[in-house]
Peer 1: 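Quick one: this structure, given as structure tokens, is what I'll be asking you about.
Reminder, nothing fancy here: chain letters follow the sequence lines and each chain counts from 1.
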Amino acid sequence: PLASIFVCVGAAMAIVGVLVLLHREPLAGNAWVSLAAVSLAVLPAVLFLVRRGDRNAARRGHIGEEETGAQPRRERMATLAGELARAQDGESIAELLLAAATEGLEVEFASLALIEGTTATGLAARLDGRSLPWPGELQVDLERQPSGIATAVFEVAPLAVYDLASSPAGDRELAEAIGARSGAWAPLVAGETVLAVLAVATRGQRAFPAEDLALLQELASGAAPALERT
Amino acid sequence: SSESQAILLNAIPLLVGAALYLLSAGVLG
């Protein structure tokens with residue numbers, strides 16, 4: 001019904017316009033007053049077309065911004081892939097990966113734990129931009145201790161926990177040690193084996209949406225071949 | 001003259017207005 005206004009008003013104006021053209025007499029006997037009326041009647045169509053042009057321009061500008069925003073991320077991932085390929089040992093791979101994870105996801109804490117059999121051992125951890133000295137002390141028994149790491153290993157999939165305080169014991173201890181409220185994990189997979197688990201955590205409560213988990217998994221997947229090589 | 005005024009001030013604006021309305025309808029789909 002709303003769109004029909006445009007068609008009907010347009011057709012009505014065309015009919016009256018043709019009549020004036022044929023009879024060559026001003027509407028209601030006064031050309032100037034009629035011009036004012038016609039101008040008022042045309043205004044909505046002019047506004048509609050002008051506003052629409054503005055919106056299209058704004059949308060094009062927005063898409064342009066998104067594209068330029070995505071470009072650095074792709075470039076960062078490519079740079080990281082190159083650095084990972086040149087890394088000589090597990091520790092340097094972990095450093096690169098954790099720096100990329102804390103920066104890319106804007107989180108305070110990131111860690112990488114190696115999976116050997118049913119045990120996860122901390123390889124590196126980073127808190128507030130600095131490496132933590134105690135990652136080796138972090139040991140998680142994957143079978144006896146339910147945790148985010150164990151779930152990421154057994155499900156071979158990324159996961160997020162909104163409230164670590166209500167999470168299993170293993171995560172609670174870690175959360176208390178670094179004062180974290182929310183966390184996310186992603187496995188580094190080579191073939192069918194989970195080599196390690198990348199974890200991130202925040203001091204504030206944060207729901208890691210699908211795009212955050214996708215980025216975390218992208219980082220983990222990118223580092224897996226380099227870690228397998230070393 | 002009143003004839004040319006009618007065409008210039010009424011017929012042409014009416015036809016231009018009609019075209020704008022029909023263009024808007026086309027844009028709306």
Peer 1: Mind checking salt bridge (charged side-chain N to carboxylate O under 4.0 Å, His left out) for Arg24(A) and listing every partner two or more places apart, or none if nothing turns up?
Peer 2: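 Salt bridge (charged side-chain N to carboxylate O under 4.0 Å, His left out) list for Arg24(A), sorted by chain: empty.
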
Peer 1: What distance do Leu198(A) atom CG and Ile149(A) atom CD1 have between them, rounded to the nearest 0.5 Å?
Peer 2: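 Going from the CG atom of Leu198(A) to the CD1 atom of Ile149(A) covers 10.0 Å.
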
Peer 1: Supply the atom-to-atom distance Leu49(A) CG to Arg51(A) CZ, rounded to the nearest 0.5 angstrom.
Peer 2: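 With rounding to 0.5 Å, CG (Leu49(A)) is 12.5 Å from CZ (Arg51(A)).
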
Peer 1: Which value, rounded to the nearest 0.5 Å, describes the distance between Leu219(A) atom CG and Leu96(A) atom CG?
Peer 2: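 Between Leu219(A) CG and Leu96(A) CG, I get 11.5 Å after rounding to 0.5 Å.
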
Peer 1: Which residues in residues 3-19 of chain A have any heavy atom closer than 4.5 Å to a heavy atom of chain B?
Peer 2: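 Listed by number: Ala3(A), Phe6(A), Val7(A), Val9(A), Gly10(A), Ala11(A), Met13(A), Ala14(A), Val16(A), Gly17(A), Val18(A).
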
Peer 1: Just by distance, do the side chain of Asn10(B) and the backbone of Pro26(A) share a donor-acceptor pair under 3.5 Å?
Peer 2: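 No, the answer is negative, given that no donor and acceptor are paired below the 3.5 Å cut-off.
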
Peer 1: When you compare the side chains of Glu155(A) and Thr151(A), does any donor N or O come within less than 3.5 Å of an acceptor on the partner?
Peer 2: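 Side chains of Glu155(A) and Thr151(A): no pair found under 3.5 Å.
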
Peer 1: Is Ala41(A) close to chain B through its backbone or its side chain, or both, or neither, when contacts mean heavy atoms under 4.5 Å?
Peer 2: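 Just its backbone gets close to chain B.
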
Peer 1: Are side-chain heavy atoms of Val153(A) and Val197(A) found at a separation under 4.5 Å?
Peer 2: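 SC-SC contact between Val153(A) and Val197(A) confirmed.
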
Peer 1: Could you have a look at Ser39(A), Pro44(A), Ala37(A) and say which one has the most heavy-atom pairs with chain B under 4.5 angstrom?
Peer 2: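 Among the listed options, the one with the most contacts to chain B is Pro44(A).
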
